[in-house]
Every structure is written in C-alpha cells, then in structure tokens.
Amino acid sequence: MPQHPSMPSVYLPHGGGPAFFMDGAMGNMFRPMGKFLESFHTLLPVRPAAILVVTAHWEAQVPSFCGAAQPALIYDYYGFPKETYAITYPAPGAPALAERAAGLLVKAGIQAQVDPEHGWDHGVFIPLKLLYPDADIPVLAMSLKAGLDPMDHIAIGAALRPLRREGVLIMGSGMSYHNLRQMGNSSAALDFDRWLDGALAGDAEHRSSWLAQWSRAPAGRVSHPREEHLLPLMVASGAGSDAAGRKLWSGAVGATAVAAWAFD
C-alpha cells in the first residue's frame, strides 16, 4: 500500500442527531461543538486519503465494514424537523478499503466481514458534513462488535493501526458523556472527563488498562448507562502509538462536559 504522512487516530463527538443543522435552542447548545468540528481539519498533518468512521450507532456480531460504493444515508434520529431528513452527504464509499480493513482484522485473529448493503447512520454523515462539507474524501463506516467489550475494541484498533500510515484517518464517532436523561449532570460529566484525562495520558498499555475498567471510573456508569458511545474511543486509542493521548478540544453541551482526543 502507498505510504503517506501518518495520520492520528481520533475520538470526536458527533453531537445530538442533526442539531448542528438546526436553529433555536438545540442548535445553539451544540454550536461550540460544531465550530470545533468545522475547524478540525486544521489539526491534521495532511488531508486524509480516506476516513474510517467507527460509529456508535452500528453494532454487529463481528466487526463489519460498509462495502457499498455509494452508501445510502440512514436517518436514525426521531422527532426532528422535516428538513433534517433531507440532509445529504454524497461522499464516495471505499469498497477496497473495506476489504483491506477486514483483512487486517482477520490477520490479527479477529473475525470481520464486509457488508455491501449497510448505509451511513448519523454518527457517520452528520459530523463528516462539518469536517469535510465538500464530501470529496472516500468514507468507510465500521460497526462496533456486539457485547461492547473494551479490550475487544482496543484490539480491533491495534489491528487497524497500519491504515494510519496509508493516509487513513481512523475516527471514533461517539460522545464522551452520553446520558440523555441526565444531560444537566455537570458534576458527573466533569468527574468522568477528569478520569478520561488520566486514562488517556499514558502509553498504550496504560490506556488499555484504564479503559478496560472504565465502568468503575468516577461517574462512569452515570456518564454512560450503555457504553456504545464510548467504545469508539477504545478503537481510536488502540490504533494509537505509545505516545500519550492529546486532548484536542474540551467543551460542553449546556452544562455537560464533552471532549475530543487524538492518538499519534
């Protein structure tokens, strides 16, 4: 495969449904996060050759990769204004990269598959519409593995690490705090955010040992009653080197702390 300047792997917040593209109170609440995502490209060493998005909104029995050349969009959000169901993102898919990524997992002893039918959910197209609005970079969506085991996802990230040297941006798409019933719980969100800072501050072994125990962290289960929005972080961290994680952005949704990290 061709060599490029190595890309980081990253864990980015994808917001609340289509809120970035709404007016009013909800749009305003997500405006700072949206501004960060719009400027994110300036933090990369070069333009990605392709983007592999590990989305919190797709779970499969084995890690699965979207193999379509032009995937359909899945509007998997409910109760939003009619116009938000007309959002488009016509970036090309990446069938060859899907085969390459699945092959890397199989080589590492991890079952994987390419799904030629699955589309892009809002964890894929919503943040990418801010990151790269021209929709001119090939995109590969990847599922989580059913069971949501942290160490499984760290191992998946490690197996995908070679893609970074091929110009692929590995992007975990989730939210570092995701408790929709307690979005105003600023104390819990701050406690977990501080814990994540410590968890991600070390080398790969340090990060893995801490992340494996995330549910025992201060406010861990309050922050993530179900962990699907945290697991993309495990893949991003696993794809990183022994360099400590870098906090790219620290912000808030209302009173709730959220953040983004990179792994070199």
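Each residue takes its place number in the sequence, starting with 1. Because the structure is a prediction, the values reported are computed rather than measured.
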Identify every side-chain donor-acceptor pair in residues 38-53 under 3.5 Å, counting partners at least two apart or on other chains, and give the distances.
unit_1, atom_1, unit_2, atom_2, d
Ser39, OG, Lys35, O, 3.4
Ser39, OG, Phe36, O, 2.9
His41, ND1, Glu38, O, 3.2
Thr42, OG1, Ser39, O, 2.6
Arg47, NH2, Asp136, OD1, 3.0
Arg47, NH2, Asp136, OD2, 3.1

Under the side-chain contact (heavy atoms from CB on, under 4.5 Å) test, residues paired with His118 that sit two or more places apart:
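Residues passing side-chain contact (heavy atoms from CB on, under 4.5 Å) with His118: Trp58, Ile74, Asp115.
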Check: [X] side chain, [Y] main-chain N or O, donor-acceptor pair, under 3.5 Å:
X      : Y      : answer
Ser64  : Ala60  : no
Ser173 : Gly123 : yes
Arg164 : Ser6   : no
Glu227 : Asp149 : no
Ser208 : Glu205 : no
Ser176 : Ala259 : yes
Arg246 : Phe263 : no
Asn179 : Val222 : yes
Ser241 : Asp264 : yes

Show the nearest heavy-atom pair for residues [X] and [Y], with the distance to one decimal.
X      : Y      : result
Gly198 : Trp210 : C-CZ3, 3.5 Å
Ala255 : Ser186 : O-CB, 3.0 Å
Phe30  : Ala19  : CD1-CB, 3.5 Å
Ser223 : Ala188 : OG-O, 3.8 Å
Ala260 : Leu12  : CB-CD2, 3.9 Å
Gly67  : Ala98  : CA-CB, 4.2 Å

Show the numbers, then the answer: is there a side chain to side chain contact (heavy atoms under 4.5 Å, CB included) between Glu59 and Leu148?
CA-CA 9 Å; Glu59 298 173 32; Leu148 305 181; 4.1 Å; yes
Is there a side-chain contact between [X] and [Y] (heavy atoms, below 4.5 Å)?
X      : Y      : result
Glu228 : His57  : no
Thr88  : Lys129 : yes
Phe192 : Pro218 : no
Arg100 : Pro162 : yes
Phe20  : Met33  : yes

Just how far is it from atom [atom1] of [X] to atom [atom2] of [Y], taken to the nearest 0.5 Å?
X      : Y      : atom1 : atom2 : answer
Leu97  : Leu163 : CG    : CG    : 6.0 Å
His153 : Leu211 : NE2   : CG    : 12.5 Å
Leu104 : Glu99  : CG    : CD    : 11.5 Å
Ser143 : Gln61  : OG    : CD    : 10.0 Å
Leu196 : Leu230 : CG    : CG    : 6.5 Å
Met171 : Leu128 : CE    : CG    : 5.0 Å

Around Gln213, counting heavy atoms of other residues, nucleotides and ligands shown, do more than 12 lie under 6.0 Å from its CD?
yes
Side chain to side chain contact (heavy atoms under 4.5 Å, CB included) between Tyr177 and Asp193, intermediate numbers included:
CA-CA 8 Å; Tyr177 180 93; Asp193 186 71; over 6 Å; no
Is [Y] reachable from [X] through a run of I, L, V, M, F, W or Y residues, each pair having side-chain heavy atoms under 4.5 Å apart?
X      : Y      : answer
Leu105 : Val62  : no
Ile110 : Met142 : yes
Val114 : Val124 : no
Val235 : Met151 : yes
Leu190 : Trp249 : no

Determine whether the aromatic ring centres of [X] and [Y] lie less than 6.0 Å apart.
X      : Y      : result
His224 : His229 : no
Phe125 : Tyr75  : yes
Trp195 : Trp214 : no

Is there a side chain to side chain contact (heavy atoms under 4.5 Å, CB included) between Leu200 and Leu233? Walk through the geometry before answering.
CA-CA 10 Å; Leu200 303 178; Leu233 170 62; 4.1 Å; yes
Angle between ring planes, Trp261 versus Tyr11, binned at 30° and 60°: parallel, tilted or perpendicular?
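Judged by the thresholds at 30° and 60°, the geometry between Trp261 and Tyr11 is parallel.
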Where do Arg207 and Ser237 land on the side-chain hydrogen bond (donor to acceptor under 3.5 Å, both in side chains) test, with the steps shown first?
CA-CA 7 Å; Arg207 297 195 306 270; Ser237 177; 2.7 Å; yes
Just do the side chain to side chain contact (heavy atoms under 4.5 Å, CB included) check on Thr84 and Met22 with the steps written out, would you?
CA-CA 8 Å; Thr84 64; Met22 294 171 58; 4.0 Å; yes
